[in-house]
There are 2 protein chains.
Amino acid sequence: MNDISFNTRLNTRECGGCPIRHRAVCARCEPNELEQLDAIKYYRTFEAGQPVIWSGDPMEFVSSVVSGIATLSQTMEDGRTQMVGLLLPSDFIGRPGRDTTPFDVVAVTDLTLCCFRKKPFEDMMERTPAIGTRLLQMTLDELDSAREWMLVLGRKTAREKIASLLAIVARRDAALHKVPPRDGMSFELPLTREAMADYLGLTLETVSRQVSALKKSGVIKLEGKRRVIIPDLEALITEAGDDMDGAPIT
Amino acid sequence: MNDISFNTRLNTRECGGCPIRHRAVCARCEPNELEQLDAIKYYRTFEAGQPVIWSGDPMEFVSSVVSGIATLSQTMEDGRTQMVGLLLPSDFIGRPGRDTTPFDVVAVTDLTLCCFRKKPFEDMMERTPAIGTRLLQMTLDELDSAREWMLVLGRKTAREKIASLLAIVARRDAALHKVPPRDGMSFELPLTREAMADYLGLTLETVSRQVSALKKSGVIKLEGKRRVIIPDLEALITEAGDDMDGAPIT
DNA sequence: ATCTTGTCTTGATCCTGATCAATGATGCGC
DNA sequence: GCGCATCATTGATCAGGATCAAGACAAGAT
């Protein structure tokens, strides 16, 4: 793959799963009926670790993740925290119709968001029902994911939880590169042990132990601390306590 | 309150939170632009304990709960079960745009659903964007609730989980009767200990013990096994580990 | 080269909630 | 009334994961 084709792909790729299917980067693409939105859209970048918005803040924009990873989480007064969503490229952030943000959003890696000021976006939704329809589909998918995660949090063992997380990240990573997940695939795990613990309702020590245990039993291999290799995808999914069906490739 | 006024209220009340704000029972009400839906809507009743639909079944209708209570749940192959939603009157069941049902729906009490065949409902959604908008709002609310529940499942102790469940049912019960929740309120807990356990990711023994413990410390009172009295709402919410804000009255 | 700092691993011990088991209520059919 | 089924309570014991604590490892900073 040479530079030109790479750049071409980059420049013309769609803005992730943004409900408005505009182009993310290239200004030279063929016009479409939604280009008016260019007037109200802008990009914001955040460094790894930076908060994007806090729970309770006024919601001034909605956005979609262009690159990088963010987390959606809640914290109790005594400091216990639970991650409630992992935002990968193509995920949507925000709630048309609400004024305040319900959860904390934090950039895990360097992060680029494609933002729309909220009011113009809502006006646009009214004029273009297709946006609402698409947003409804995305929201329904997220609701299914959240509910599937409730099974993980409520009923799975620590080992199953880790395997579930790895299986999900593997699937999403594959989907991001538009290839089916396969045996032997590898991916960079974007989360620290602590972030994994927050996601899974565990402590970081337990996460570390169970990751080691999965490595020892050959279900996963590690390159360094973060790159994970999945020699046998079905084995991983079995460890997660899932069967092969279910689990859409989201 | 005499019989006539009671019947009048009953006959003209809206069909819960159904995205289509038609009248639930009365055929004599003033016509509105959505009455065409009467042609595609019908009612179904289920006895307590009956399944409404199983995960994976083809989805032939969408519906809204008119009366009674249903649960939305998932089960693993080995039998571990996690409830992922509690469907009270006004809740919507179904997924426009999807063909199969993602979770099991079971009637907990006797249940009446107001159903719409799925295809005509989808057509209607296309012609009437307001329905989609309303459905989007409802779905976003459900997503928030699901995410709040993830904190309960992932990070709260057994005692806090029980208190959280009681607080939620108390709030929803109050909302259903259109009164604010208040100290001294009481409600019929519609769930068995086992169903509570499935909702909270606990065993029924632990539920029983913690309910007893909350009773012993005076946070709740019981009349029989099922009727719960909340002498001090704030105390209950404190036991749940929440602060007073958050928690919309849904 | 050494010191920091952040991240991860591993060990020892404790405690919450699961599991196994027995016993009480309550309601229902006859 | 009695037997039976369902649901709930309570007790004894166990185990999975939390907690507390010590070190390992890598990447920068000085």
Side-chain angles (χ1 to χ4, degrees), chain A residues 47-50 76 78-82 106 108-109 152-166 188-217 220-228 239 241, chain B residues 47-50 71 76 78-82 106 108-110 152-166 188-217 220-228 239 241:
Chain A
E47 282 171 32
Q50 266 193 319
M76 295 169 67
D78 61 8
R80 282 177 279 177
T81 80
Q82 175 66 49
V106 178
V108 173
T109 62
V152 173
L153 290 174
R155 291 297 181 195
K156 290 193 178 179
T157 63
R159 171 181 262 245
E160 289 170 332
K161 284 178 175 182
I162 299 287
S164 298
L165 177 60
L166 293 175
E188 203 68 29
L189 190 62
L191 303 172
T192 64
R193 298 290 184 260
E194 188 181 16
M196 292 172 70
D198 284 345
Y199 203 25
L200 295 165
L202 298 170
T203 57
L204 70 91
E205 294 95 329
T206 299
V207 170
S208 182
R209 277 185 247 272
Q210 296 298 336
V211 169
S212 299
L214 284 174
K215 187 173 74 171
K216 196 169 296 174
S217 47
I220 59 171
K221 292 191 169 77
L222 295 181
E223 261 175 29
K225 313 252 172 192
R226 295 291 187 82
R227 176 154 283 270
V228 180
E239 288 290 348
Chain B
E47 283 172 30
Q50 266 193 321
T71 60
M76 294 170 68
D78 62 7
R80 280 176 283 175
T81 297
Q82 176 65 50
V106 178
V108 173
T109 62
D110 288 351
V152 174
L153 290 174
R155 292 297 182 196
K156 290 193 177 179
T157 64
R159 171 182 262 244
E160 289 170 332
K161 285 179 174 182
I162 299 289
S164 298
L165 177 59
L166 293 176
E188 203 67 31
L189 188 63
L191 302 171
T192 64
R193 297 290 184 260
E194 189 181 15
M196 291 171 71
D198 284 345
Y199 202 26
L200 296 165
L202 298 170
T203 59
L204 71 92
E205 294 95 329
T206 299
V207 170
S208 182
R209 276 184 248 273
Q210 296 298 336
V211 169
S212 299
L214 284 175
K215 187 173 74 171
K216 196 168 295 172
S217 46
I220 59 172
K221 291 193 169 73
L222 295 181
E223 260 175 29
K225 313 253 172 193
R226 295 291 188 83
R227 177 154 282 273
V228 180
E239 287 291 348

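Throughout, a chain's letter reflects where its sequence line sits, starting with A, and its residues are numbered from 1.
For the pair Lys161(A) NZ and dA18(D) P, the computed distance is 7 Å after rounding to whole Å. As a whole-Å value, the separation of Lys156(A) NZ from dG17(D) P is 13 Å. Atom pair Ile162(B):CD1 and dT9(D):P shows a separation of 11 Å (rounding to whole Å applied). Atom CG in Leu204(A) sits about 13 Å away from atom P in dC20(D), given to the nearest Å. To the nearest angstrom, P of dT9(D) lies 12 Å from NZ of Lys216(B).
In this structure, Arg80(A) reaches neither bases nor backbone, as no heavy-atom distance under 4.0 Å exists between it and the strands shown. Within 4.0 Å of Gly49(B), counting heavy atoms only, lies no atom of the nucleic acid at all.
Remark: Leu191(A) CG to Leu165(A) CG distance equals 6.5 Å, nearest 0.5 Å. Note that NZ of Lys161(B) and CE of Met196(B) are 12.5 Å apart. Values are rounded to the nearest 0.5 Å. Here the straight-line distance linking atom CD of Glu239(B) with atom OG1 of Thr157(B) works out to 8.5 Å at 0.5 Å rounding. The structure places CD of Glu205(B) at 12.5 Å from CD of Gln210(B), a figure rounded to the nearest 0.5 Å. Between the CG atom of Leu202(A) and the CZ atom of Arg155(B) there is a distance of 7.0 Å, given to the nearest 0.5 Å.
Listed nucleotides dA18(C), dT9(D), dA18(D) differ in distance to Thr203(A); the shortest reach to its side chain belongs to dA18(D). Counting only heavy atoms from C-beta on, Leu202(A) has its side chain closest to dA18(D) among dA18(D), dA8(D), dC8(C). Nearest to the side chain of Gln210(B), among dC8(C), dT19(C), dG17(C), sits dG17(C).
One N or O donor and one acceptor, one from the side chain of Arg209(B) and one from the base of dT19(C), sit under 3.5 Å apart. At a cut-off of 3.5 angstrom, the base of dC8(C) holds no donor-acceptor pair with the side chain of Glu205(A).
DNA chain C is contacted by no residue of residues 188-200 of chain B, taking any non-hydrogen atom closer than 4.0 Å.
Taking the side chain as every heavy atom from C-beta outward, Thr192(B) and Leu204(B) never approach each other to under 4.5 Å.
Of the two residues near DNA chain D, Lys225(A) and Thr157(A), the one whose nearest nucleotide lies more 5' is Thr157(A).
Remark: Arg226(A) is in phosphate contact with dC8(C), judged by side-chain N or O atoms under 4.0 Å from OP1 or OP2. In this structure, Ser208(B) reaches the dT9(D) phosphate: one of its side-chain N or O atoms is under 4.0 Å from OP1 or OP2.
Atom CD of Gln50(A) is surrounded by more than 12 heavy atoms from other residues, nucleotides or ligands within 6.0 Å.
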